[in-house]
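A short write-up of the structure that comes next.
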Amino acid sequence: MAALLCRRSLPGTWLCRRAGQGCGRHYRAALCAELKQPLAIEEVARRPVRPHEVRVEVHFCGVNFADILVCRGQYQEKPPLPFTPGMEFSGTVLETGADVSSVKEGDRVIGVSGFNGMAEECIADQKTLWRVPEKVSLQEAAVLPVSYGTAILALEHRAHTQPRETVLVTAAAGATGLAVIDVATNVLQAKVIAAAGSDDKCKLAVQRGAQGSVNYSQGSLKEAVRRLAGSRGVDVAIDMVGGEVFLEALRSLAWEGRIVVLGFAGGNIASVPANLLLLKNISAMGLYWGRYQDQDFPVFSRSLSSALQYCQQGRIRPYVGSVFKLEEVNDAFLHVIQRKSTGKVLLSLK
(Lines give C-alpha, C1' and ligand atoms only; values in the text may rest on other atoms or scores of the structure.)
Protein backbone atom coordinates (compact mmCIF):
# COMPACT_ATOMS: atom_id res chain seq x y z
CA MET A 1 0.00 0.00 0.00
CA ALA A 2 2.85 2.37 0.83
CA ALA A 3 4.03 2.40 -2.78
CA LEU A 4 0.57 3.50 -3.85
CA LEU A 5 0.57 6.42 -1.44
CA CYS A 6 3.83 8.11 -2.33
CA ARG A 7 2.49 10.77 -4.72
CA ARG A 8 2.60 14.24 -3.20
CA SER A 9 -0.87 15.17 -4.46
CA LEU A 10 -3.84 13.43 -6.00
CA PRO A 11 -4.36 13.46 -9.78
CA GLY A 12 -6.85 16.03 -10.92
CA THR A 13 -8.98 13.34 -12.52
CA TRP A 14 -9.79 12.04 -9.05
CA LEU A 15 -11.62 15.25 -8.25
CA CYS A 16 -15.14 14.72 -9.49
CA ARG A 17 -18.69 15.80 -8.79
CA ARG A 18 -21.21 13.07 -8.27
CA ALA A 19 -23.97 13.97 -10.66
CA GLY A 20 -27.60 13.22 -10.03
CA GLN A 21 -27.40 13.06 -6.24
CA GLY A 22 -29.50 16.08 -5.50
CA CYS A 23 -29.26 19.78 -6.18
CA GLY A 24 -28.09 20.86 -2.72
CA ARG A 25 -24.72 22.03 -1.61
CA HIS A 26 -21.73 19.72 -2.09
CA TYR A 27 -18.63 19.28 0.05
CA ARG A 28 -15.30 17.52 -0.41
CA ALA A 29 -14.57 14.22 1.27
CA ALA A 30 -11.86 11.56 1.20
CA LEU A 31 -13.40 8.35 -0.10
CA CYS A 32 -12.23 4.77 0.08
CA ALA A 33 -13.82 3.24 -3.02
CA GLU A 34 -11.57 0.17 -3.15
CA LEU A 35 -9.65 -1.48 -0.33
CA LYS A 36 -5.84 -1.21 -0.33
CA GLN A 37 -5.94 1.60 -2.90
CA PRO A 38 -5.25 5.34 -2.49
CA LEU A 39 -8.13 7.46 -1.28
CA ALA A 40 -9.88 9.78 -3.71
CA ILE A 41 -11.09 13.31 -2.99
CA GLU A 42 -14.62 13.70 -4.29
CA GLU A 43 -17.38 16.26 -4.01
CA VAL A 44 -20.43 14.63 -2.51
CA ALA A 45 -23.96 15.88 -1.94
CA ARG A 46 -25.33 16.76 1.45
CA ARG A 47 -28.07 14.64 2.94
CA PRO A 48 -30.69 15.98 5.35
CA VAL A 49 -29.99 15.66 9.08
CA ARG A 50 -32.30 13.38 11.04
CA PRO A 51 -34.01 14.65 14.22
CA HIS A 52 -31.19 13.51 16.57
CA GLU A 53 -28.32 14.44 14.27
CA VAL A 54 -25.97 17.40 13.91
CA ARG A 55 -24.16 18.67 10.81
CA VAL A 56 -20.62 19.82 11.64
CA GLU A 57 -18.18 21.87 9.59
CA VAL A 58 -14.97 19.94 10.16
CA HIS A 59 -11.84 21.96 10.93
CA PHE A 60 -9.45 19.15 11.90
CA CYS A 61 -9.62 15.37 11.71
CA GLY A 62 -7.23 12.97 13.42
CA VAL A 63 -5.33 10.39 11.37
CA ASN A 64 -5.14 7.11 13.28
CA PHE A 65 -3.64 3.76 12.35
CA ALA A 66 -7.16 2.39 12.61
CA ASP A 67 -8.11 4.57 9.62
CA ILE A 68 -5.39 2.87 7.58
CA LEU A 69 -6.45 -0.59 8.74
CA VAL A 70 -10.11 0.00 7.85
CA CYS A 71 -9.06 1.16 4.38
CA ARG A 72 -7.16 -2.13 4.03
CA GLY A 73 -10.10 -4.20 5.26
CA GLN A 74 -8.07 -5.26 8.30
CA TYR A 75 -9.97 -3.49 11.08
CA GLN A 76 -12.59 -4.98 13.40
CA GLU A 77 -15.26 -2.79 11.78
CA LYS A 78 -15.75 -3.12 8.03
CA PRO A 79 -17.98 -0.36 6.63
CA PRO A 80 -19.47 -0.94 3.17
CA LEU A 81 -17.71 0.67 0.22
CA PRO A 82 -17.42 3.48 -0.57
CA PHE A 83 -16.86 5.15 2.79
CA THR A 84 -15.05 8.10 4.32
CA PRO A 85 -12.49 7.27 7.04
CA GLY A 86 -11.86 9.48 10.06
CA MET A 87 -12.75 8.50 13.63
CA GLU A 88 -12.38 11.85 15.40
CA PHE A 89 -12.76 15.49 14.47
CA SER A 90 -13.20 19.03 15.70
CA GLY A 91 -15.31 21.75 14.12
CA THR A 92 -18.33 24.02 14.40
CA VAL A 93 -22.01 23.14 14.34
CA LEU A 94 -23.74 24.10 11.08
CA GLU A 95 -27.19 22.62 11.57
CA THR A 96 -29.11 20.62 14.17
CA GLY A 97 -32.00 18.19 13.90
CA ALA A 98 -35.38 18.89 15.45
CA ASP A 99 -34.71 16.83 18.60
CA VAL A 100 -31.18 18.08 19.30
CA SER A 101 -30.79 19.92 22.60
CA SER A 102 -27.14 19.39 23.59
CA VAL A 103 -25.54 21.73 21.02
CA LYS A 104 -26.61 24.63 18.83
CA GLU A 105 -25.52 26.27 15.59
CA GLY A 106 -22.11 27.91 15.98
CA ASP A 107 -20.95 25.76 18.90
CA ARG A 108 -17.38 24.45 18.71
CA VAL A 109 -17.32 20.70 19.22
CA ILE A 110 -15.26 17.55 19.11
CA GLY A 111 -16.82 14.37 17.84
CA VAL A 112 -16.27 10.65 17.57
CA SER A 113 -17.64 9.27 14.35
CA GLY A 114 -18.03 5.87 12.75
CA PHE A 115 -15.48 6.62 10.05
CA ASN A 116 -16.77 9.76 8.33
CA GLY A 117 -14.60 12.60 9.67
CA MET A 118 -12.21 13.14 6.74
CA ALA A 119 -14.54 15.55 4.98
CA GLU A 120 -15.35 19.24 4.99
CA GLU A 121 -18.65 18.34 6.66
CA CYS A 122 -19.92 15.36 8.57
CA ILE A 123 -23.10 14.33 10.34
CA ALA A 124 -22.98 12.92 13.86
CA ASP A 125 -25.44 11.82 16.51
CA GLN A 126 -25.77 14.54 19.14
CA LYS A 127 -24.56 12.24 21.91
CA THR A 128 -21.20 11.72 20.14
CA LEU A 129 -20.38 15.45 20.30
CA TRP A 130 -18.80 17.41 23.16
CA ARG A 131 -18.57 21.18 23.36
CA VAL A 132 -15.06 22.63 23.29
CA PRO A 133 -14.27 25.18 26.04
CA GLU A 134 -13.25 28.69 25.01
CA LYS A 135 -9.63 28.33 26.10
CA VAL A 136 -9.06 25.23 23.94
CA SER A 137 -8.25 25.63 20.24
CA LEU A 138 -9.92 23.38 17.68
CA GLN A 139 -6.50 22.03 16.69
CA GLU A 140 -5.74 21.03 20.28
CA ALA A 141 -9.25 19.64 20.67
CA ALA A 142 -8.85 17.36 17.66
CA VAL A 143 -5.99 15.57 19.44
CA LEU A 144 -8.11 14.67 22.44
CA PRO A 145 -10.73 12.02 21.57
CA VAL A 146 -8.80 8.87 20.63
CA SER A 147 -5.38 9.54 22.15
CA TYR A 148 -6.39 11.22 25.41
CA GLY A 149 -9.62 9.27 25.77
CA THR A 150 -7.54 6.09 25.57
CA ALA A 151 -4.84 7.40 27.93
CA ILE A 152 -7.36 8.48 30.56
CA LEU A 153 -9.26 5.20 30.52
CA ALA A 154 -6.04 3.16 30.55
CA LEU A 155 -4.49 5.04 33.46
CA GLU A 156 -7.52 5.97 35.53
CA HIS A 157 -10.26 3.45 34.79
CA ARG A 158 -8.26 0.29 34.07
CA ALA A 159 -4.93 0.61 35.91
CA HIS A 160 -6.18 2.87 38.75
CA THR A 161 -2.86 4.72 38.70
CA GLN A 162 -2.02 6.46 41.97
CA PRO A 163 0.16 9.51 42.73
CA ARG A 164 3.90 8.72 42.95
CA GLU A 165 3.51 5.35 41.23
CA THR A 166 5.85 4.58 38.34
CA VAL A 167 4.35 4.11 34.88
CA LEU A 168 6.16 2.51 31.94
CA VAL A 169 4.76 3.41 28.50
CA THR A 170 5.91 1.84 25.23
CA ALA A 171 5.65 3.49 21.80
CA ALA A 172 6.02 6.58 23.92
CA ALA A 173 6.51 9.12 21.12
CA GLY A 174 3.29 8.25 19.32
CA ALA A 175 0.08 10.21 19.82
CA THR A 176 -1.29 7.92 22.52
CA GLY A 177 2.11 7.40 24.15
CA LEU A 178 2.60 11.14 24.57
CA ALA A 179 -0.94 11.44 25.90
CA VAL A 180 -0.19 8.76 28.49
CA ILE A 181 2.94 10.66 29.54
CA ASP A 182 0.97 13.91 29.76
CA VAL A 183 -1.91 12.52 31.84
CA ALA A 184 0.26 10.34 34.10
CA THR A 185 2.74 13.13 34.85
CA ASN A 186 0.62 16.27 34.95
CA VAL A 187 -2.78 14.98 36.11
CA LEU A 188 -2.05 11.86 38.18
CA GLN A 189 1.35 12.99 39.52
CA ALA A 190 2.98 9.68 38.63
CA LYS A 191 6.55 9.08 37.50
CA VAL A 192 6.89 7.99 33.86
CA ILE A 193 9.52 5.90 32.11
CA ALA A 194 9.14 6.25 28.34
CA ALA A 195 10.20 3.45 26.01
CA ALA A 196 10.60 4.09 22.27
CA GLY A 197 12.52 2.81 19.28
CA SER A 198 14.98 5.65 18.70
CA ASP A 199 17.02 8.18 20.64
CA ASP A 200 15.12 11.08 19.04
CA LYS A 201 11.78 9.64 20.13
CA CYS A 202 13.12 9.08 23.64
CA LYS A 203 14.31 12.68 23.73
CA LEU A 204 10.88 13.97 22.72
CA ALA A 205 9.21 11.83 25.40
CA VAL A 206 11.45 13.33 28.07
CA GLN A 207 10.79 16.83 26.74
CA ARG A 208 7.07 16.12 27.10
CA GLY A 209 7.35 15.06 30.75
CA ALA A 210 8.82 11.58 31.15
CA GLN A 211 11.35 11.33 33.96
CA GLY A 212 13.42 8.68 32.18
CA SER A 213 13.58 6.93 28.82
CA VAL A 214 14.65 3.64 27.25
CA ASN A 215 15.53 2.98 23.61
CA TYR A 216 14.34 -0.62 23.28
CA SER A 217 16.07 -1.05 19.93
CA GLN A 218 19.39 -1.04 21.76
CA GLY A 219 19.01 -3.88 24.24
CA SER A 220 16.85 -5.41 26.94
CA LEU A 221 13.90 -3.27 27.98
CA LYS A 222 13.64 -5.12 31.30
CA GLU A 223 17.26 -4.44 32.25
CA ALA A 224 17.05 -0.77 31.23
CA VAL A 225 13.85 -0.32 33.28
CA ARG A 226 15.51 -2.02 36.25
CA ARG A 227 18.34 0.53 36.12
CA LEU A 228 15.82 3.39 36.14
CA ALA A 229 13.15 2.04 38.49
CA GLY A 230 15.20 -0.20 40.75
CA SER A 231 14.77 -3.89 41.43
CA ARG A 232 11.18 -3.44 42.58
CA GLY A 233 10.00 -2.58 39.07
CA VAL A 234 7.16 -0.37 37.81
CA ASP A 235 3.63 -0.21 39.12
CA VAL A 236 1.88 0.25 35.78
CA ALA A 237 2.83 -0.58 32.19
CA ILE A 238 0.91 0.71 29.18
CA ASP A 239 1.88 -1.28 26.09
CA MET A 240 1.09 -0.56 22.44
CA VAL A 241 3.84 -2.61 20.78
CA GLY A 242 3.15 -6.24 21.67
CA GLY A 243 5.48 -9.18 21.06
CA GLU A 244 8.76 -9.25 22.97
CA VAL A 245 8.33 -5.65 24.12
CA PHE A 246 5.08 -6.61 25.86
CA LEU A 247 6.78 -9.57 27.56
CA GLU A 248 9.68 -7.39 28.74
CA ALA A 249 7.22 -4.80 30.07
CA LEU A 250 5.30 -7.57 31.87
CA ARG A 251 8.50 -8.82 33.49
CA SER A 252 9.29 -5.25 34.60
CA LEU A 253 6.21 -5.01 36.82
CA ALA A 254 6.40 -4.72 40.58
CA TRP A 255 4.39 -6.75 43.08
CA GLU A 256 0.68 -6.24 42.25
CA GLY A 257 1.65 -4.35 39.12
CA ARG A 258 -0.84 -3.76 36.30
CA ILE A 259 -0.23 -3.93 32.56
CA VAL A 260 -2.75 -2.55 30.06
CA VAL A 261 -2.59 -3.67 26.43
CA LEU A 262 -3.62 -0.97 23.95
CA GLY A 263 -2.39 -2.45 20.68
CA PHE A 264 0.20 -4.36 18.69
CA ALA A 265 2.15 -1.81 16.66
CA GLY A 266 5.05 -4.24 16.38
CA GLY A 267 2.85 -6.70 14.52
CA ASN A 268 3.23 -9.62 16.95
CA ILE A 269 0.74 -10.70 19.61
CA ALA A 270 2.45 -12.35 22.57
CA SER A 271 1.01 -15.11 24.74
CA VAL A 272 0.77 -14.18 28.41
CA PRO A 273 2.91 -16.41 30.67
CA ALA A 274 0.36 -17.04 33.40
CA ASN A 275 3.01 -18.07 35.92
CA LEU A 276 4.26 -14.46 36.03
CA LEU A 277 0.77 -13.25 36.90
CA LEU A 278 0.69 -15.72 39.77
CA LEU A 279 4.16 -15.16 41.21
CA LYS A 280 3.86 -11.40 41.59
CA ASN A 281 0.05 -11.06 41.77
CA ILE A 282 0.14 -9.13 38.50
CA SER A 283 -2.96 -8.00 36.60
CA ALA A 284 -2.90 -8.08 32.78
CA MET A 285 -5.79 -6.34 31.06
CA GLY A 286 -6.79 -4.84 27.74
CA LEU A 287 -8.40 -1.60 26.67
CA TYR A 288 -10.42 -1.23 23.49
CA TRP A 289 -11.45 2.38 24.01
CA GLY A 290 -14.02 2.58 21.23
CA ARG A 291 -15.93 -0.42 22.57
CA TYR A 292 -16.93 1.59 25.62
CA GLN A 293 -19.06 3.75 23.35
CA ASP A 294 -21.46 0.80 22.97
CA GLN A 295 -20.85 -1.13 26.20
CA ASP A 296 -20.53 1.61 28.82
CA PHE A 297 -21.26 5.02 27.33
CA PRO A 298 -21.07 6.98 30.61
CA VAL A 299 -17.45 5.81 31.09
CA PHE A 300 -16.68 6.59 27.45
CA SER A 301 -18.22 10.05 27.68
CA ARG A 302 -16.47 10.80 30.95
CA SER A 303 -13.07 10.15 29.36
CA LEU A 304 -13.72 12.87 26.77
CA SER A 305 -15.23 15.30 29.25
CA SER A 306 -12.18 14.81 31.48
CA ALA A 307 -9.80 15.40 28.55
CA LEU A 308 -11.54 18.68 27.69
CA GLN A 309 -11.54 19.75 31.33
CA TYR A 310 -7.85 18.94 31.81
CA CYS A 311 -7.03 20.87 28.63
CA GLN A 312 -9.08 23.89 29.67
CA GLN A 313 -7.34 23.90 33.05
CA GLY A 314 -3.94 23.81 31.40
CA ARG A 315 -3.05 20.50 33.04
CA ILE A 316 -2.38 18.74 29.74
CA ARG A 317 -0.72 19.97 26.54
CA PRO A 318 -1.79 18.06 23.42
CA TYR A 319 1.09 17.62 20.97
CA VAL A 320 0.55 17.87 17.22
CA GLY A 321 3.31 16.23 15.19
CA SER A 322 2.16 16.96 11.62
CA VAL A 323 -0.73 18.66 9.82
CA PHE A 324 -1.75 17.76 6.27
CA LYS A 325 -4.39 19.21 3.96
CA LEU A 326 -7.35 17.07 2.92
CA GLU A 327 -5.90 16.54 -0.57
CA GLU A 328 -2.71 15.25 1.10
CA VAL A 329 -4.56 12.47 2.96
CA ASN A 330 -2.57 9.73 1.21
CA ASP A 331 0.67 11.42 2.26
CA ALA A 332 -0.65 11.56 5.83
CA PHE A 333 -1.39 7.82 5.70
CA LEU A 334 2.12 7.14 4.36
CA HIS A 335 3.58 9.30 7.13
CA VAL A 336 1.90 7.05 9.71
CA ILE A 337 2.70 3.79 7.89
CA GLN A 338 6.40 4.61 7.69
CA ARG A 339 6.40 5.64 11.37
CA LYS A 340 7.72 9.08 10.56
CA SER A 341 5.20 10.64 12.90
CA THR A 342 5.63 11.63 16.50
CA GLY A 343 2.57 12.94 18.28
CA LYS A 344 -0.77 13.37 16.55
CA VAL A 345 -1.17 13.57 12.78
CA LEU A 346 -4.05 15.79 11.73
CA LEU A 347 -5.84 16.71 8.54
CA SER A 348 -6.76 20.38 8.25
CA LEU A 349 -10.05 20.97 6.45
CA LYS A 350 -9.96 24.77 6.66
Sub-4.5 Å side-chain heavy-atom contact between Leu155 and Val180 = yes

Without swapping roles, check the side chain of Thr342 against the backbone of Lys201 for a donor-acceptor pair under 3.5 Å.
-> no

Please round to the nearest 0.5 Å and tell me the distance separating atom CD of Glu327 and atom CZ of Arg28.
-> 5.0 Å

Flag, side chain of Ser217 to backbone of Gly197, donor-acceptor distance under 3.5 Å | yes

Answer yes if the side chains of Asn64 and Glu88 hold a donor-acceptor pair under 3.5 Å, and no otherwise.
-> yes

So does Lys104 pair up with Asp107, basic N to acidic O under 4.0 Å?
-> yes

Please report the shortest heavy-atom distance between Val70 and Pro79, naming the atom on each side.
-> CG2-CD, 3.4 Å

Examine distances only and state if a side-chain atom of Glu248 and a backbone atom of Lys222 form a donor-acceptor pair shorter than 3.5 Å.
-> yes

Taking 4.0 angstrom as the limit, do Arg258 and Glu165 come out as a salt bridge?
-> yes

Working for side-chain contact (heavy atoms from CB on, under 4.5 Å), residues Leu129 and Phe89 | CA-CA 10 Å; Leu129 298 175; Phe89 60 87; 3.8 Å; yes

Side-chain contact, heavy-atom cut-off 4.5 Å: Val345 with Phe333?
-> no

Audit row: Asn186, Tyr310, side chain to side chain donor-acceptor pair (under 3.5 Å) steps and yes/no = CA-CA 9 Å; Asn186 298 313; Tyr310 295 156; over 6 Å; no

Given side chains that start at C-beta, do those of Arg208 and Arg317 come closer than 4.5 Å, heavy atoms only?
-> yes

Heavy-atom check, side chain of Asp67 versus side chain of Val336, under 4.5 Å = no

Would you give the length of the straight line joining atom NZ of Lys191 to atom CG of Leu228, rounded to the nearest 0.5 angstrom?
-> 7.0 Å

Would you say Lys78 has more than 12 foreign heavy atoms packed within less than 6.0 Å of its NZ?
-> yes

Given side chains that start at C-beta, do those of Asp182 and Tyr319 come closer than 4.5 Å, heavy atoms only?
-> no

Hey, which of Glu57, His59, Glu120 is the one that makes side-chain hydrogen bond (donor to acceptor under 3.5 Å, both in side chains) with Lys350?
-> Glu57

Trace of the side-chain contact (heavy atoms from CB on, under 4.5 Å) decision for Glu244 with Asn268 | CA-CA 8 Å; Glu244 189 60 31; Asn268 295 315; over 6 Å; no

Closest heavy-atom pair, Ala190 versus Thr161, reported as atoms and distance to 0.1 Å, is CB-CG2, 4.1 Å

Can you tell me if CZ on Arg291 sees more than 12 non-hydrogen neighbours from other groups inside 6.0 Å?
-> no

Taking side chain as C-beta onward, heavy atoms only, is Ile316 less than 4.5 Å from Leu144?
-> yes

Starting at CZ of Arg131, measure out to OG of Ser102 and round the result to the nearest 0.5 Å.
-> 7.0 Å

So, Glu256 side chain and Ala254 main chain: donor-acceptor pair closer than 3.5 Å or not?
-> no

Mind checking the OG-CE spacing from Ser283 to Met285? Nearest 0.5 Å is all I need.
-> 5.0 Å

Would you indicate whether the side-chain heavy atoms of Phe324 and Val63 approach each other to under 4.5 Å?
-> no

Expected output: side-chain Thr185 to main-chain Ile181 donor-acceptor under 3.5 Å = yes

Quick one: do Val183 and Val299 end up in the same hydrophobic cluster if we chain Ile, Leu, Val, Met, Phe, Trp and Tyr together by side-chain heavy atoms under 4.5 Å apart?
-> yes

Nearest-0.5 Å distance, NZ of residue Lys36 to CD1 of residue Ile68 = 14.0 Å

Using a cut-off of 6.0 Å, state whether more than 12 heavy atoms not belonging to Gln76 lie near its atom CD.
-> yes

Audit row: Glu105, Thr96, side chain to side chain donor-acceptor pair (under 3.5 Å) steps and yes/no = CA-CA 7 Å; Glu105 183 179 342; Thr96 59; over 6 Å; no

Find out if a path of hydrophobic residues (ILVMFWY) with successive side-chain heavy-atom gaps under 4.5 Å connects Ile152 to Val132.
-> yes

When you look at NZ of Lys280, are more than 12 heavy atoms from neighbouring residues, nucleotides or ligands closer to it than 6.0 Å?
-> yes

All heavy atoms of Ile110 vs all of Ser90, minimum pair found to be CG2-CB, 4.0 Å

Tell me yes or no: between the side chains of Ser322 and His335, is some donor less than 3.5 Å from an acceptor?
-> yes

Minimal non-hydrogen separation, Val236 against Leu253, with atom names = C-CD2, 4.1 Å

Are any non-hydrogen side-chain atoms of Val112 and Trp289 less than 4.5 angstrom apart?
-> yes

Verdict with supporting geometry, Val214 and Cys202, side-chain contact (heavy atoms from CB on, under 4.5 Å) = CA-CA 7 Å; Val214 176; Cys202 287; 5.7 Å; no

What pair of heavy atoms forms the shortest contact from Val323 to Ser348, and how long is it?
-> CG1-CB, 3.7 Å

Does a salt bridge link Lys325 with Glu328, judged by any charged N lying under 4.0 Å from a carboxylate O?
-> no

Counting N and O atoms only, with roles assigned by atom type, does the side chain of Arg108 sit under 3.5 Å from a partner on the main chain of Val136, one being a donor and the other an acceptor?
-> yes

Can you list the steps and then say if Leu277 with Leu250 is a side-chain contact (heavy atoms from CB on, under 4.5 Å)?
-> CA-CA 9 Å; Leu277 308 185; Leu250 184 70; 4.2 Å; yes

Can you tell me how far the CG atom of Leu168 sits from the OG1 atom of Thr166, to the nearest 0.5 Å?
-> 10.0 Å

is_close_aromatic(Tyr75, Phe115), centroid dist under 6.0 Å = yes

Check whether Leu188 and Ile193 end up in the same hydrophobic cluster, where Ile, Leu, Val, Met, Phe, Trp and Tyr are linked by side-chain heavy atoms less than 4.5 Å apart.
-> no

Do any N or O atoms from the side chain of Ser301 and from the backbone of Pro298 form a donor-acceptor pair under 3.5 angstrom?
-> no

Would you say Leu31 and Tyr27 are hydrophobically clustered, going by side-chain heavy atoms of ILVMFWY under 4.5 Å?
-> yes

Could you tell me whether the side chain of Arg226 and the main chain of Ser252 form a donor-acceptor pair under 3.5 Å?
-> no

Judged by atom type as modelled, is there a donor-acceptor pair below 3.5 Å linking the side chain of His160 to the main-chain atoms of His157?
-> yes

Residue pair Ser147 / Lys344: nearest heavy atoms and the distance that separates them = OG-NZ, 3.3 Å

Output yes when a side-chain donor or acceptor of Arg55 lies under 3.5 Å from a complementary backbone atom of Arg47, and no otherwise.
-> yes

Flag yes if Met240 and Phe246 sit in one hydrophobic cluster, no otherwise; membership is Ile, Leu, Val, Met, Phe, Trp, Tyr, and two members link when side-chain heavy atoms are under 4.5 Å apart.
-> no

